[in-house]
Amino acid sequence: MKTDDLINLLAKDARVRIRFGRVFMIALAIGVVVSAALLLSTIGIRKNMAEMIETPRVLFKLGFTLLLAATATRLAFRIGKPGISLRSAALALILPLAVLVIGIATEFLVVPQAAWASSMEGRFSAFCLFFVPTLSIAPLAAILYSVRQGAPENPGMAGAVAGLAAGGIAAAIYAWHCPDDSPLFVATWYSIGISVATAAGFLLGRKILRW
């Protein structure tokens with residue numbers, strides 16, 4: 001390859017990377033705004049959120065979902081760029097998992113065993129199972145669109161990561177309404193809703209993220 005050809009190839013690659021980053025951020029912002037607007041226009045924010053946000057359980061719920069959304073979105077961003085190491089971004093997913101485990105362990109310590117089942121079941125599990133996947137639709141569409149502008153090496157994996165990020169974003173948004181605060185509830189029903197979004201992302205990714 002001639003030097004001029006190599007320079008032109010590198011310049012084109014640089015423009016693609018810059019464009020991908022811009023598209024990703026704009027699409028992600030739109031997806032988040034649409035999802036938040038959907039929550040506000042339907043069930044709204046929890047009425048007593050101003051006072052409940054200071055409680056440890058609510059802080060845990062918001063912190064865990066935001067951390068998951070941030071780490072998974074970072075991985076989704078990197079997975080759209082070929083040749084970039086995903087190791088650090090993938091390992092970062094251990095952080096929200098560790099927070100969840102700590103939350104569960106703390107709940108087991110402070111809540112009597114007889115109340116574990118009711119804490120896990122909560123009062124609005126059906127709401128959670130409906131709204132987390134529903135609120136993930138716009139972020140998932142946005143992330144899949146932007147990742148498609150990149151060059152993911154594994155379409156299925158890229159789609160699953162997009163679904164995980166969208167599920168995390170949806171969970172973080174839904175947490176502002178959810179009146180069930182137990183880490184056991186979050187670990188059960190939020191995880192199921194996020195898993196639905198991840199599975200949907202995997203299936204869609206295999207179809208629309210192929211080169």
Side-chain angles (χ1 to χ4, degrees), residues 1 6 9-35 61-104 132-133 135-175 186-187 190-211:
M1 180 181 293
L6 178 59
L9 180 61
L10 292 174
K12 290 180 181 179
D13 182 63
R15 287 196 295 270
V16 169
R17 288 174 182 270
I18 293 172
R19 181 177 181 275
F20 171 73
R22 185 182 299 118
V23 168
F24 187 94
M25 296 306 297
I26 293 174
L28 179 64
I30 293 173
V32 171
V33 169
V34 170
S35 184
K61 182 171 59 177
L62 294 175
F64 162 70
T65 53
L66 285 172
L67 184 58
L68 175 61
T71 52
T73 299
R74 177 172 177 261
L75 179 58
F77 177 76
R78 295 182 67 84
I79 211 169
K81 297 182 176 183
I84 293 182
S85 174
L86 303 176
R87 181 179 176 82
S88 62
L91 288 176
L93 291 175
I94 296 176
L95 294 176
L97 177 60
V99 169
L100 183 61
V101 170
I102 292 172
I104 294 171
V132 171
L135 293 174
S136 72
I137 292 175
L140 177 57
I143 296 173
L144 286 176
Y145 169 79
S146 57
V147 171
R148 191 178 182 185
Q149 310 308 308
E153 298 176 359
N154 187 320
M157 182 190 303
V161 171
L164 179 62
I169 292 169
I173 293 173
Y174 176 68
V186 173
Y190 277 58
S191 295
I192 293 175
I194 293 169
S195 296
V196 171
T198 303
F202 173 78
L203 295 175
L204 290 171
R206 292 183 65 184
K207 292 183 178 181
I208 67 177
L209 296 181
R210 292 178 181 176
W211 288 21

Between [X] and [Y], what is the shortest heavy-atom contact and its length?
{"X": "Ala175", "Y": "Leu62", "answer": "CB-CD2, 3.7 Å"}
{"X": "Tyr190", "Y": "Lys61", "answer": "OH-CD, 3.4 Å"}
{"X": "Ile173", "Y": "Val32", "answer": "CD1-O, 4.0 Å"}
{"X": "Ile143", "Y": "Ala76", "answer": "CG2-CB, 4.1 Å"}
{"X": "Val132", "Y": "Gly193", "answer": "CG1-C, 3.7 Å"}
{"X": "Ala27", "Y": "Ser146", "answer": "CB-CB, 4.2 Å"}

* Asked: Would the number of heavy atoms belonging to other residues, nucleotides or ligands and lying under 6.0 Å from CZ of Arg74 be above 12?
  ->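 Counting neighbours around CZ of Arg74, more than 12 heavy atoms of other residues, nucleotides or ligands fall under 6.0 Å, so yes.
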How many angstroms lie between atom [atom1] of [X] and atom [atom2] of [Y], to the nearest 0.5 angstrom?
{"X": "Thr71", "Y": "Leu91", "atom1": "OG1", "atom2": "CG", "value": "11.5 Å"}
{"X": "Leu144", "Y": "Lys207", "atom1": "CG", "atom2": "NZ", "value": "12.5 Å"}
{"X": "Leu75", "Y": "Ser88", "atom1": "CG", "atom2": "OG", "value": "9.0 Å"}

* To do: Begin with the C-alpha distance, continue with both residues' side-chain angles, and end with the deciding distance and a verdict on side chain to side chain contact (heavy atoms under 4.5 Å, CB included) for Ile208 and Tyr145.
  => CA-CA 9 Å; Ile208 67 177; Tyr145 169 79; over 6 Å; no
State, with a plain yes or no, whether a side-chain heavy atom of [X] is found less than 4.5 Å away from one of [Y].
{"X": "Leu164", "Y": "Leu93", "value": "yes"}
{"X": "Thr73", "Y": "Phe24", "value": "yes"}
{"X": "Leu68", "Y": "Ile194", "value": "yes"}

* To do: Would you sort out whether Leu28 and Ile169 count as a side chain to side chain contact (heavy atoms under 4.5 Å, CB included), showing the intermediate values?
  => CA-CA 10 Å; Leu28 179 64; Ile169 292 169; 3.7 Å; yes
* To do: Determine the sole option in Leu97, Leu95, Val99 for which the side chain to side chain contact (heavy atoms under 4.5 Å, CB included) test with Phe64 is passed.
  =>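 Exactly one option meets the side chain to side chain contact (heavy atoms under 4.5 Å, CB included) with Phe64, and it is Val99.
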